[in-house]
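Only one structure is covered here, and it is reproduced in the block below.
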Amino acid sequence: MAEVTSLISSAAVDGAYRSSSAIKSTAPALGGAQGAERPSFTDMIGKAGAEVVEGLRAAEAKAEAGLSGKADTQQVVEATLELDSTVKVAVAVRDKLVEAYQEIMRMPV
């Protein structure tokens, strides 16, 4: 059986690679066409939230498959660790958004 550190690093690398691939494929090129429409901040936040929910559902499905014996334990652990890192990032982003909102509300008018 593999060591826990190798599972963590493998899951973290896999999750980071998937995230960077998704960002590269959807990000517009710098200095692109003048008329190219960029997504709004609201659209980006909505898409990120949808991806978090999708990741949650995928990890939950993998856990159910593991409980029924249809998935390997390592796959379940990797899905759980990937979900853990996704939730940590989502919470960190939420905290930064709340902090920014509170800072704006403290500004004198």
Side-chain angles (χ1 to χ4, degrees):
M1 180 162 177
E3 291 181 26
V4 174
T5 55
S6 66
L7 290 176
I8 291 172
S9 62
S10 173
V13 169
D14 185 44
Y17 177 74
R18 287 182 189 167
S19 297
S20 67
S21 296
I23 290 171
K24 284 181 184 178
S25 65
T26 59
L30 294 175
Q34 292 289 334
E37 187 175 323
R38 292 184 175 220
S40 69
F41 181 72
T42 305
D43 293 339
M44 289 189 310
I45 295 296
K47 183 180 176 186
E51 288 175 359
V52 168
V53 170
E54 182 181 317
L56 173 68
R57 289 184 179 148
E60 190 174 85
K62 187 62 76 172
E64 288 177 9
L67 288 173
S68 64
K70 296 178 183 175
D72 187 23
T73 305
Q74 183 174 351
Q75 293 172 338
V76 174
V77 170
E78 287 176 354
T80 304
L81 291 173
E82 185 176 338
L83 176 64
D84 181 52
S85 65
T86 301
V87 169
K88 285 181 182 178
V89 169
V91 168
V93 169
R94 182 211 55 196
D95 291 346
K96 287 294 184 179
L97 288 172
V98 169
E99 183 181 322
Y101 174 78
Q102 290 174 338
E103 188 67 27
I104 289 171
M105 296 310 290
R106 282 193 289 259
M107 289 182 180
V109 178

- [ ] Return each pair, listed once, that meets side-chain hydrogen bond (donor to acceptor under 3.5 Å, both in side chains) where at least one residue sits in residues 89-102; pairs must be two or more places apart or across chains.
- [x] none
Open item on the list: Does this structure show an ion pair linking Glu54 with Arg57, if we count only N-O contacts that are shorter than 4.0 Å?
Closed with: no
TODO: Identify whether Met44 and Leu97 are in the same connected component of the hydrophobic contact network (ILVMFWY, side-chain heavy atoms under 4.5 Å).
DONE: yes
Task: Point-to-point distance, once rounded to the nearest 0.5 Å, from CZ of Arg38 to CG of Asp43 - done: 14.0 Å
Open item on the list: I need the minimum non-hydrogen distance between Lys62 and Gln75, along with the two atoms involved.
Closed with: CG-O, 3.8 Å
Task: Verify same cluster id: Val89, Ile45 (apolar side-chain graph, 4.5 Å) - done: yes
Open item on the list: Are Leu56 and Val76 connected into the same hydrophobic cluster when the rule is that any two of I, L, V, M, F, W, Y join if their side-chain heavy atoms are below 4.5 Å apart?
Closed with: no
Task: Lys88 bridged to Asp84 by N-O distance under 4.0 Å - done: yes
Task: hydrophobic_cluster_shared for Phe41 and Val93, side chain cutoff 4.5 Å - done: yes
Open item on the list: Show the nearest heavy-atom pair for residues Ala79 and Ala59, with the distance to one decimal.
Closed with: O-CB, 3.9 Å
